[in-house]
Novice: 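Sharing a structure with you now.
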Amino acid sequence: MEDNKNIAKTYDPSGFEDRIYNEWCEKGYFHATPSPDKKPYTIVIPPPNVTGQLHMGHALDETLQDILIRYKRMQGYCALWVPGTDHAGIATQIKVEEELRVKEGKTRYDLGREKFLERVWDWKNLYGNRIINQLKKIGSSCDWDRERFTMDEGCSKAVREVFVNLYNKGLIYQGSRIINWCPHCITALSDAEVEHAEQAGHFWHIKYQVKDSDEFVIIATTRPETLFGDTAVAVNPEDERYTHIVGKTLLLPLTDREIPVIADEYVDKEFGTGCVKITPAHDPNDFEVGMRHNLEQIKVMNDDATMNKYAGKYEGMDRYECRKAMLADLAEMGLLVKTEDHSHNVGQCYRCGTTVEPIISKQWFVKMKPLAEPAIKAVKNGDTKFVPERFSKTYMNWMENVFDWCISRQLWWGHRIPAFYCQDCGETTVSKEDIVTCPRCGGKVKQDEDVLDTWFSSALWPFSTLGWPEKTEDLDYFYPTSTLVTGYDIIFFWVSRMIFSALEHTGKAPFEHVFIHGLVRDSQGRKMSKSLGNGIDPLEIISQYGADALRFTLATGNAPGNDMRFYIERVEASRNFANKIWNASRFTLMNLDITENKLPENLSLEDKWIVSKYNSLVKEVTENLDKFELGIAVSKLYDFIWDSFCDWYIELVKPRLFDKGSESAISAQYVLTYVLSNTMKLLHPFMPFITEEIWQHLPHEGESIMISEFPKYDAALNFPEAEKEMELIMSAISAVRNRRAEMNVPPSKKAKLIIVTEKENVFKGGEVFFQKLASASDVEIAADRGTVPANAVNIVVEGAELFLPLSELVDKDKELERLNKEKKELEGEIKRVEGKLSNQGFVAKAPQKVVDEERAKGEKYREMLEKVEASIKAMENM
RNA sequence: GGGAGUUUAGCUCAGCUGGGAGAGCGUCUGCCUUACAAGCAGGAUGUCACAGGUUCGAGCCCUGUAACUCCCACCA
């Protein structure tokens, strides 16, 4: 280490953050080795997608995790933070396809599956590494030796194991059902991957003629183009308007098909015309109705949402083009009777925003009911606890109403579905290992072309990363994990699926706590997004202000689960705080002759005060970290460091320190060192770099602050009397400063200060502070007012009366005005206290402590009032 | 149609199990005081959304109202 006393004048994080991070890495502090005499504390990272780079939301997520991990590590836990990235099926594939299109004008089909996947792996290597480096910049203390990827060998093995197990239990099945289809991504989507948005649309009323009759029924639809897939019109069986036509046949317009009128409870008599066209292949409800009535399912669109042959002359048109054209035709034929405005919810692909098409399709599904049940129980009985608690409601709500999960995707990037179809006998074989021949007939097999939903593999993350399905030492020691830190936006996607997967495959809930945070928004409260261009790059902030400032900003002023606004002024404030710490440390180091870090034998009043305050801080920080109240913990640290330590303690001990070589100077150095270095430990989880840098310069034991012991509350360091006394002195000093400011006494002007008090000991102890901090050149402690000059300015504080003989500055009328104002205020206070105390209910029912406090206050105010009244009298007699 | 959240100083937000309203930024005044002007000292600013209720006592608990936000939901 360089010369201890010579650290830079201004905080410059770029000078040491990278160096320190590399040292930690090289020393292997991030690596966790299972140890029987330590308790494990495990976090698995929510793996960022390898689609691009980290945004502010990641920065928040990683910061919170790192705070917890560092805290637990310092507390002596075997703390493991498993890092990794997610292959992010659709998202990544879209990116690579986009790049391919822009750079080479090709599609994935031009390359073919194999070549295309090579490109995606190149992409993954490039961006995966970039993300890892960004994580490091933030200071994340992940165990890099255990870095994982959702498509690496181990995870792939886990995926296969799970798929086969679930299939064998009948919990994975293949079926033709209505799924959400994205015509742009050309793949099925799960319900969770569809976002609903209110859209202005229309309600078209179309006439269907009753066969062999002049009668018509009018159906109302928002999707006229699905008409070609209609296989019935349904009415409510109770609807008397239509009873007579149930069972009759209708002529389906624009086609030569005939469809029946059926009666089904599903139809709401009050809504629309009470007649519903039934299109089993394009609507989930109609699908159900179709099943009940044994209706044909006619799919009228291709995978890209163009119309197929069933649309007759409209074949080949896009669905919306077709809609326009057919409506025009219907209008011409007089079959379009009404067009109403109608706004309704439309599903959109969460990746590309394209309106999804509900469509019947053969896909793989996970049967959810049997899996959801234990997952509900695990949260109900507290095996997994959400923080804040309210999010368990969100979770329950979803879990209790969950539908089967569509897990197949018509993509290339992902885990290939391990199902093999025999070309000869048609047998489907699901297998952990790849097979080439049919186990039944020996014929040639072909693997399913589709891949699994990304979330299928992320659902296994807490245990697949620890070695499952192998029975590894890691799995045994670190699993179940301790805390999952993530945003509320992926509770359904991810958290819930990890919970039921873990319970099913490991028999244990995957984590004890789910610590939920909110979204990082821009300064106007909008979501940060590419399209708005309002995103702020965390790396940009780090290079400008340092990782510590960014982390501090993200950890401060935010309650769990709430969104936060991010703006640069907050980062500046954090940087200023870092600078404050830097300079307080610089000051301490400049005045240091000692080489040991311990408390001195004899503590002065202010020493006891700061040590006692520090001790309470330890308690508060620890308690709040244990409650996941990171924002509160860090603000306590801020207040202590800035207000107590810098603004008061350092100022108070300056006279001692400047008395070079004295015993008092040395003991002050010990206290400064002790309090500062331990405070750095408390702050280390939040601001790892600056705290390490400072701790290294201060006298210390051990190699690094990050593996030092987190401070513990120590009852022996509690000095309540000293705190009380210091508070009297501090408020007296503030009062003097205040009076001087009001009277416009130049700061350079020293004055005499006479303190009249019965508590001579207290104020005598603070005499030197009064001299220095209250700009007094001479302080006299007196037992009575005998020595006070007639026209001195008087200040009444608790326990004393202070006089400033600044006769030349005194304006008698003004002074009287001020004194009368004070008198009035005190009378008000006394009235309030007496009101309370004369209330029988209060005295009888309030806790004794509260009542005593009120009594004490009353006494204090009465005492002060007496003094103020005396001063008024004295002033008037002048 | 369900569910959740928010409403506190000009702005952004804290306020733990009910016991005299807080921070940062901004603003005003005075200071380049030998750690820090990214600073120091001092000041101003609040019917804690509204209305009831419980309580000796409510920003906090209960009921209702309003505004905003978000999530979930198969009304064609």
Side-chain angles (χ1 to χ4, degrees), chain A residues 7 9-11 178 191 196 203 219-223 226 234 266-268 270-279 283-288 342 344-345 347 358 390-391 393-394 396-398 401 403 488-489 491-492 518-519 523 525 545 556-559 561-567 569-570 572-591 620 623-624 627 629 631-632 635 638-639 646-647 650-651 654 658 734 737-742 744-748 772-773 775 829 832-833 836 839-847 849-851 853-854 857:
Chain A
I7 70 174
K9 181 169 173 181
T10 309
Y11 165 69
I178 295 281
D191 295 339
H196 295 273
F203 229 166
I219 58 95
T221 181
T222 56
R223 301 285 322 271
T226 62
Y266 153 70
V267 181
D268 179 352
E270 313 298 322
F271 192 80
T273 61
C275 294
V276 185
K277 63 195 268 310
I278 301 297
T279 321
D283 182 281
N285 294 309
D286 293 5
F287 177 81
E288 296 295 327
H342 178 69
H344 57 142
N345 259 337
R390 68 180 132 96
F391 287 104
K393 247 184 209 169
T394 311
M396 285 297 180
N397 238 323
W398 190 79
N401 300 299
F403 288 91
Y488 59 70
D489 51 334
I491 291 178
F492 306 135
L519 269 35
S523 59
Y545 296 95
T556 306
N558 181 243
N562 289 3
D563 290 353
M564 73 163 68
R565 294 191 194 200
F566 191 95
Y567 46 102
E569 288 85 352
R570 291 190 55 215
E572 278 171 10
S574 304
R575 189 270 323 264
N576 294 352
F577 177 53
N579 187 55
K580 188 74 184 174
I581 295 170
W582 188 259
N583 276 291
S585 307
R586 197 162 71 90
F587 173 81
T588 302
L589 291 167
M590 278 175 0
N591 290 287
E620 287 169 336
E623 282 174 358
N624 282 296
K627 285 192 291 187
E629 289 284 0
I632 295 178
S635 77
Y638 182 95
D639 292 343
C646 292
D647 288 348
I650 286 184
E651 294 306 323
K654 272 181 180 173
F658 295 159
S734 290
R737 285 169 172 171
N738 178 334
R739 285 299 300 127
R740 290 176 53 105
E742 266 179 46
N744 296 320
V745 181
S748 53
K772 168 112 180 113
L773 303 182
S775 292
E829 289 299 322
R832 191 188 61 76
V833 171
K836 249 181 163 177
N839 178 341
Q840 280 311 310
F842 175 75
V843 179
K845 293 189 183 171
K849 196 182 146 221
V850 177
V851 178
E853 273 168 13
E854 286 302 319
K857 276 181 211 163

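Letters A, B, ... mirror the listed sequences (proteins, then strands); counts begin at 1. Because only heavy atoms are used, hydrogens play no part in the values below, and waters and symmetry mates are left out as well, while side chains stay in.
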Novice: Now, which nucleotide makes the Watson-Crick or G-U wobble pair with B:U29, with each of the two distances under 3.5 Å?
Specialist: B:A41
Novice: If we call it a pair only when both distances are under 3.5 Å in a Watson-Crick or G-U wobble match, what pairs with B:A9?
Specialist: none
Novice: Compare the minimum distances between each of B:G39, B:G24, B:G42 and the side chain of A:Ala573, then state the nucleotide with the smallest one.
Specialist: B:G24
Novice: Can you tell me how far C1' in B:G19 sits from the matching atom in B:G5, rounded to whole Å?
Specialist: 28 Å
Novice: Determine the interatomic distance between C1' on B:G10 and the same-named atom on B:A44; round to the nearest Å.
Specialist: 12 Å
Novice: Return the CG to CE distance between A:Asn558 and A:Met564, rounded to the nearest 0.5 Å.
Specialist: 3.5 Å
Novice: On a whole-Å scale, what distance lies between the C1' atoms belonging to B:U7 and B:C13?
Specialist: 12 Å
Novice: With a 4.0 Å cut-off on heavy atoms, is A:Arg832 in touch with a base, just the backbone sugar-phosphate, or nothing at all?
Specialist: base
Novice: What is the pairing partner of B:A21, taking Watson-Crick or G-U wobble pairs with both distances under 3.5 Å in any strand?
Specialist: none
Novice: Using a 4.0 Å heavy-atom cut-off, write out nucleotides 71-76 of chain B from 5' to 3' as B (base contacted by protein), S (sugar-phosphate only) or - (no contact).
Specialist: SSBBBB
Novice: Nearest-Å distance, CD (A:Gln840) to C1' (B:C56)?
Specialist: 10 Å
Novice: Whole-Å distance between B:A41 C1' and A:Arg739 CZ?
Specialist: 15 Å
Novice: Expressed as a whole number of Å, how far does the P atom of B:A4 sit from that of B:A41?
Specialist: 46 Å
Novice: Is A:Glu742 salt-bridged to A:Arg739, cutoff N-O under 4.0 Å?
Specialist: yes
Novice: Considering only atom P, compute the distance from B:U27 to B:U63 and round it to an integer number of Å.
Specialist: 43 Å
Novice: Any sub-3.5 Å donor-acceptor pair from A:Asn579's side-chain atoms to A:Arg575's backbone N or O?
Specialist: no
Novice: Assuming nearest nucleotide by heavy-atom distance, tell me which of A:Ser635 and A:Lys393 is located more 5' along RNA chain B.
Specialist: A:Lys393
Novice: Figure out the OH/C1' separation between A:Tyr638 and B:A23, and round it to whole Å.
Specialist: 8 Å
Novice: From CD of A:Glu569 over to P of B:A38, roughly how many Å is that when rounded to an integer?
Specialist: 15 Å
Novice: Are the side chain of A:Arg740 and the backbone N or O of A:Ser775 linked by a donor-acceptor pair below 3.5 Å?
Specialist: yes
Novice: Checking the side chain of A:Asn624 only, and the main-chain atoms of A:Glu620 only, is there a donor and an acceptor separated by less than 3.5 Å?
Specialist: yes
Novice: Considering only heavy atoms from C-beta outward, does the side chain of A:Pro358 approach that of A:Asp283 to under 4.5 Å?
Specialist: no
Novice: Remember a base hit wins even if backbone is also touched, and classify A:Pro847 as base, sugar-phosphate or nothing at under 4.0 Å, heavy atoms.
Specialist: base
Novice: Quantified in whole Å, what is the C1' atom distance between nucleotide B:G24 and nucleotide B:U45?
Specialist: 16 Å
Novice: Considering Watson-Crick and G-U wobble pairs with both distances under 3.5 Å, what does B:G52 pair with?
Specialist: B:C62
Novice: Strictly under 4.0 angstrom, non-hydrogen atoms only: write out the protein contact profile of nucleotides 6-13 of chain B, one letter per nucleotide from the 5' end, B, S or -.
Specialist: ------SS
Novice: Within the side chain of A:Arg586, is there an N or O that forms a donor-acceptor pair under 3.5 Å with the backbone of A:Tyr11?
Specialist: no
Novice: In whole angstrom, give the distance that lies between atom CZ of A:Phe577 and atom C1' of B:C40.
Specialist: 17 Å
Novice: May I ask you to test the A:Val850-A:Phe842 pair for a side-chain heavy-atom distance under 4.5 Å?
Specialist: yes
Novice: How long is the straight-line distance from CG of A:Asp191 back to CZ of A:Phe403, given to the nearest 0.5 Å?
Specialist: 7.5 Å
Novice: Over 60° means perpendicular and under 30° means parallel, so classify the ring planes of A:Phe271 and A:Phe203, tilted if in between.
Specialist: tilted
Novice: Got a donor-acceptor pair under 3.5 Å from the side chain of A:Arg575 to the base of B:A38?
Specialist: yes
Novice: What is the distance from CD of A:Glu572 to C1' of B:C25, rounded to the nearest Å?
Specialist: 10 Å
Novice: Tell me whether A:Asp563 contacts the main-chain N or O of A:Leu519 through its side chain, where contact means a donor paired with an acceptor under 3.5 Å.
Specialist: yes
Novice: Across nucleotides 26-37 of chain B, 5' to 3', mark each nucleotide with B, S or - according to how protein heavy atoms within less than 4.0 Å reach it.
Specialist: ---------BB-
Novice: In whole angstroms, how far is the P atom of B:C25 from the CG atom of A:Asn576?
Specialist: 7 Å
Novice: Between B:C60 and B:G64, how many Å separate the two P atoms, rounded to a whole number?
Specialist: 16 Å
Novice: Which base, if any, makes a Watson-Crick or G-U wobble pair with B:A4, both distances under 3.5 Å?
Specialist: B:U69
Novice: If you check every side-chain atom of A:Ala846, which of B:C56, B:G42, B:G15 has the closest atom?
Specialist: B:C56
Novice: Between B:A38 and B:G26, how many Å separate the two P atoms, rounded to a whole number?
Specialist: 11 Å
Novice: Can you tell if the side chain of A:Tyr266 reaches within under 4.5 Å of the side chain of A:Asn285, non-hydrogen atoms only?
Specialist: yes
Novice: Looking at A:Phe587, is A:Lys654 sitting on its ring face, NZ or CZ under 6.0 Å from the six-membered ring centre and within 45 degrees of the normal?
Specialist: yes
Novice: Report yes if some heavy atom in the side chain of A:Ile491 is under 4.5 Å from a heavy atom in the side chain of A:Phe391; otherwise report no.
Specialist: yes
